[in-house]
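These figures come from a predicted structure and were not determined experimentally. FYI, side chains are in, hydrogens and waters are out, and symmetry mates aren't considered; it's all heavy atoms of this structure. Read the numbers this way: they start at 1 and go in the same order the structure lists the ligands and their atoms.
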Amino acid sequence: MKRDLGDLALFGGHASFLQQIHVGRPNRIDRARLFDRLSWALDNEWLTNNGPLAREFEERVADMVGVGNCVATCNATVALQLLAHATELTGEVIMPSLTFAATAHAVRWLGLDPVFCDIDPRTGCLDHVAVAAAITPRTSAVFGVHLWGRPCDVDALEKVTADAGLRLFFDAAHAIGCTSQGRPVGRFGHAEVFSFHATKVVNAFEGGAIVTDDDDLAHRVRSLANFGFGLHSPSAAGGTNAKMSEASAAMGLTSLDAFPEVARHNQANYEQYCGELARIPGLSVIDFVPEERHNYQYVIVEIDPDVTGLHRDLLVDLLRAENVVAQRYFSPACHQLEPYRSRQQFQLPHTERLSARVLALPTGSAISREDIRRVCNIVRLAVSRGFELTARWQQRPGPDGQSVVAPG
Ligand code: T4K
């Protein structure tokens with residue numbers, strides 16, 4: 001265990017981990033079960049195009065969520081585009097900026113304008129008051145994002161959008177298996193989108209799904225995901241190929257089998273992080289409503305640089321030197337990224353503040369209790385001596401032997 005700043009790899013100590021540990025390592029699955037399914041698909045000689053494993057995957061997801069329809073796709077980004085296209089959105093789409101670039105890029109790719117709204121600082125999700133203020137005659141929809149698996153204030157967003165006659169969709173990429181007021185995520189708005197990317201709590205190598213109780217919408221997105229075959233309206237013409245393959249469905253089903261165990265493991269990891277990082281001034285682990293169900297796939301820590309003397313980015317670099325690959329989810333925020341930054345200025349103080357302070361620490365079934373103990377040892381040491389550490393880092397000798405930043 002590291003006791004002094006000189007023990008940190010940043011200052012020449014040994015790295016805490018011989019090999020990198022990651023946020024987003026694929027969770028463990030029953031390999032024999034996966035290989036059985038893949039072998040079955042090969043024997044069945046049906047590898048994609050609405051195959052039996054993809055249909056089974058859709059049924060399992062729909063049952064889990066309690067919705068009438070699930071359309072599995074090749075990823076979540078394209079699923080978001082299918083929704084926007086199927087509902088013939090125009091003009092502006094309101095969304096948070098504190099999200100993965102995919103949320104914004106998906107609508108931008110269709111020629112729509114993302115309008116970034118500020119967040120409720122307590123949840124990191126869209127602030128419904130800011131949403132109401134951002135609605136213009138060009139607005140056609142609102143995309144909420146259940147950031148880090150913490151659901152949006154869905155009731156408030158449903159009211160704002162219903163009053164304005166707008167579509168409401170949720171990017172639920174992080175939130176399979178989570179609930180809001182006891183109701184499973186996947187049942188809110190007109191439709192929701194899950195991601196089953198390799199880094200997600202349920203993974204299909206690459207994959208996504210649209211879930212909705214709207215049968216007509218489900219029919220449209222299913223057709224659009226298959227080149228638009230079966231759709232006769234000229235405005236909806238021009239589909240794409242967004243189908244989920246049988247190999248992805250085999251992985252998705254096997255990952256769904258493992259989900260309860262993975263979620264339990266994640267919860268234990270989360271609770272250990274909370275315990276080990278408790279009572280450190282200026283550092284908090286984001287919380288979850290205890291009465292709700294969560295998948296705990298992200299352990300997000302917030303660092304206050306004024307209290308700790310340590311900026312989040314230096315902590316990320318310091319952890320990287322220890323072979324701990326933490327992630328800045330999500331920084332920069334979307335409005336700070338091109339092509340949005342140079343097109344329009346957005347005033348999003350809560351977004352910018354949180355985005356500059358958060359980082360995701362490794363969790364998932366690849367991460368053990370001992371790993372967490374060691375990660376927390378580094379974080380505790382760095383944060384509790386943040387001012388000293390920052391000064392020492394700034395005064396380190398540069399290549400010319402001079403300190404990088406002059407003291408004072
Ligand atoms: N909406 C939201 C809110 C999202 O977060 C996302 C995706 C989407 C929409 C779009 O969903 P998809 O279209 O992807 O289905 C990763 C994922 O690629 C991305 O899916 C995810 N969100 C995002 C939060 O995380 P990056 O840029 O961080 O990926 P990368 O390659 O840097 O990997 C992250 C970490 O995971 C690394 O430390 C390495 C590790 N990793 C990654 C892969 C792929 C592994 O250990 N094994 C692996 O196989 O985006």
J.: I'd like to know if atom 1 (N) of ligand 1 has any protein heavy atom within a distance of less than 4.0 Å.
T.: yes

J.: Considering only heavy atoms, which of C74, A198, A175 lies nearest to atom 49 (O) of ligand 1?
T.: A198

J.: Measure up the Y296 and F288 rings against each other and bin them: parallel (under 30°), tilted (30 to 60°), perpendicular (over 60°).
T.: perpendicular

J.: Would you call R60 and D257 a salt bridge, using N to O less than 4.0 angstrom?
T.: yes

J.: Take E58 and R222 through the salt bridge (Lys or Arg N to Asp or Glu O under 4.0 Å) test and state the conclusion after the steps.
T.: CA-CA 12 Å; E58 291 177 340; R222 187 179 292 288; 3.1 Å; yes

J.: Quiz question for you: does at least one protein heavy atom lie closer than 4.0 Å to atom 29 (O) of ligand 1?
T.: no

J.: Does atom 47 (N) of ligand 1 have a protein heavy-atom neighbour under 4.0 Å away?
T.: yes

J.: Using a heavy-atom cut-off of under 4.0 Å, does the side chain or the backbone of Y329 touch ligand 1, or both, or neither?
T.: side chain

J.: Answer yes or no: does an N/O atom from Y298 fall short of 3.5 Å to an N/O atom of ligand 1?
T.: no

J.: Is there at least one pair of N or O atoms, one from A76 and one from ligand 1, spaced under 3.5 Å apart?
T.: yes

J.: In terms of side-chain geometry, is the basic nitrogen of D163 or K159 positioned less than 4.0 Å from the acidic oxygen of its partner?
T.: yes

J.: Does an N or O from V23, backbone or side chain, lie closer than 3.5 Å to an N or O of ligand 1?
T.: yes

J.: With a distance cut-off below 6.0 Å to the six-membered ring centre and an angular limit of 45° from the axis, does R374 pair with F17 as a cation-pi contact?
T.: yes

J.: Would you call R357-D304 a salt bridge at under 4.0 Å N-O?
T.: yes

J.: Under a 4.0 Å threshold between the charged nitrogen and the carboxylate oxygen, would E292 count as salt-bridged to R183?
T.: no

J.: Considering D171, V193, T199, which one's heavy-atom position lies nearest to atom 9 (C) of ligand 1?
T.: D171

